[in-house]
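As structure tokens, the structure follows; a few thoughts come after it.
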Amino acid sequence: MTLNTYEDYDDLSRFATLPRLDNRSQQALRRQARPSRRQAPPREIAEQMDGEDALTTTLVVGESEQRLLQQALTDFYRDNVLSDVLARVKGGKEANVYCCQGHPTSGLDLLAAKIYRPQAHRTMRNDAIYKEGRLMLDQDGKGILRDARLKRAIAQKTDFGREVITFSWIEYEYDMLQTLHAAGADVPRPIGHRGNTILMEYFGDVNDPAPTLNSVRLTPDQARPMFDRLLWHVELMLKHNRVHGDLSAYNVLYWDERAVVIDFPQAVVALKNPHAQRLLQRDIERLGQYFTRYGVTVDARALARELWTRFENAEL
Ligand SMILES: Nc1ncnc2c1ncn2[C@@H]1O[C@H](COP(=O)(O)OP(=O)(O)OP(=O)(O)O)[C@@H](O)[C@H]1O
Ligand SMILES: [Mg+2]
């Protein structure tokens with residue numbers, strides 16, 4: 001797959017000016033919106049798709065971003081998973097996240113599409129400490145260590161090899177979401193993934209995405225139970241042989257008085273990665289940093305050691 005580079009983003013101000021409506025009213029308004037108000041795909045894409053199947057979007061963006069949306073989301077659109085792109089939530093370092101209208105068959109009104117940037121592999125936290133002990137995965141989640149052609153492409157750092165690396169990170173992220181969601185964790189429900197894109201449950205309203213915990217002020221009686229619940233997630237991940245590796249209040253969403261853990265591409269395999277215990281301690285420390293303002297403290301080192309011992313003794 002060849003991807004174009006990003007340029008000319010519209011800013012989010014157009015959404016900031018929308019009236020605050022609940023989801024149902026927003027949905028009703030969108031149904032009434034005439035199709036001509038939606039942005040058509042670039043002409044060459046529309047032609048390739050015979051016009052009919054092309055995704056038109058309520059979100060108006062520059063051409064290169066529109067191409068990227070088409071490439072990332074058209075298959076989901078054709079498969080009746082989503083029906084529109086409503087807003088760009090955030091352009092992160094590695095990925096852009098969009099708020100999409102879920103097709104009724106997806107079971108969700110709003111979906112988050114996390115679309116990795118074409119050059120994500122350049123900035124991704126893919127330094128050695130995260131990669132150790134990790135099997136490279138292809139887009140179907142199968143290990144690719146035995147595929148000599150892929151191994152060569154990765155070793156030679158060709159464009160294709162780099163894409164393979166990015167897909168492998170996305171594969172890990174999706175796998176982690178599925179495992180944690182099935183285990184009852186507070187993570188977005190995974191809906192599907194393809195190429196450089198993950199679709200999942202969206203938290204927030206269209207023009208009011210859930211804030212990350214670092215920008216939220218909790219009431220004093222919310223803090224302790226929320227911290228304990230987040231530590232339960234740390235334990236749950238370890239039970240499934242993973243350490244998040246980038247956990248902090250910046251990777252936790254706050255919605256409906258609940259903390260939702262996100263952003264898993266760098267999760268490490270605990271049994272195989274020699275740095276896992278150190279990363280576990282750092283995750284606990286960083287979470288703890290946010291909660292100290294509420295008088296909630298933790299001895300991260302002692303807790304990491306205790307969890308690790310229980311993990312090694314299969315007592316989690
Ligand atoms: N399921 C979701 N529902 C609502 N908003 C989301 C969702 N997933 C991600 N976001 C928003 O998108 C932002 C970026 O997501 P994420 O942390 O997964 O990607 P990232 O590339 O690591 O970004 P960053 O570098 O900012 O951490 C989040 O901080 C959050 O604001
Ligand atoms: Mg993040």
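Order of appearance sets the numbers: ligands from 1, and atoms from 1 within every ligand.
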Heavy atom under 4.0 Å from ligand 1: found in [X]'s side chain, backbone, both, or neither?
X: Leu253; result: side chain
X: Ala112; result: side chain
X: Glu201; result: backbone

Check: Do Met226 and Leu213 come within less than 4.5 Å of each other through their side chains, counting heavy atoms only?
Finding: yes
Looking only at N/O atoms, are [X] and ligand 1 under 3.5 Å apart anywhere?
X: Tyr202; value: no
X: Lys90; value: yes
X: Glu173; value: no
X: Val97; value: no
X: Asn251; value: yes

Distance filter under 4.0 Å to [X] heavy atoms, resulting ligand 1 atoms:
X: Met200; value: 1 (N), 8 (N)
X: Ala95; value: 21 (O)
X: Ile262; value: 9 (C), 17 (O), 28 (C)
X: Thr212; value: 29 (O)

Check: Which residue from Tyr116, Tyr98, Phe203, Trp255 reaches closest to atom 3 (N) of ligand 1 through any of its heavy atoms?
Finding: Phe203
Does a side-chain N-to-carboxylate-O contact under 4.0 Å join [X] and [Y]?
X: Asp283; Y: Arg278; result: no
X: Arg301; Y: Glu285; result: no
X: Glu306; Y: Arg310; result: yes

Note to self: What verdict does the side chain to side chain donor-acceptor pair (under 3.5 Å) test give for Tyr98 and Asn96, after you've listed the backbone C-alpha separation in whole Å, the side-chain angles of each residue and the deciding distance to 0.1 Å?
What the structure shows: CA-CA 7 Å; Tyr98 296 88; Asn96 270 15; 3.1 Å; yes
Next item on the list: Would you give the length of the straight line joining atom CG of Asp75 to atom OG1 of Thr197, rounded to the nearest 0.5 angstrom?
Entry: 9.5 Å
Note to self: Please verify the inter-ring angle class for Tyr174 with His193; under 30° counts as parallel, over 60° as perpendicular, anything in between as tilted.
What the structure shows: parallel
Notebook entry, point to check: Taking the six-membered ring of Phe76 as reference, does the NZ or CZ atom of Arg194 fall below 6.0 Å from its centre and within a 45° cone about the axis?
Noted result: yes
Note to self: Quick check: is Tyr254 connected to Ile262 through a chain of hydrophobic side chains (ILVMFWY, heavy atoms under 4.5 Å apart)?
What the structure shows: no
Check: Is there a path of hydrophobic side-chain contacts, each under 4.5 Å between heavy atoms of I, L, V, M, F, W or Y residues, that connects Leu238 with Val234?
Finding: yes
Margin query: Tell me which N, O or S atom from Asp263 is the closest to the Mg ion (ligand 2).
Written below: OD2
Note to self: Closer than 2.8 Å to the Mg ion (ligand 2): does that hold for any N, O or S atom in Tyr250?
What the structure shows: no
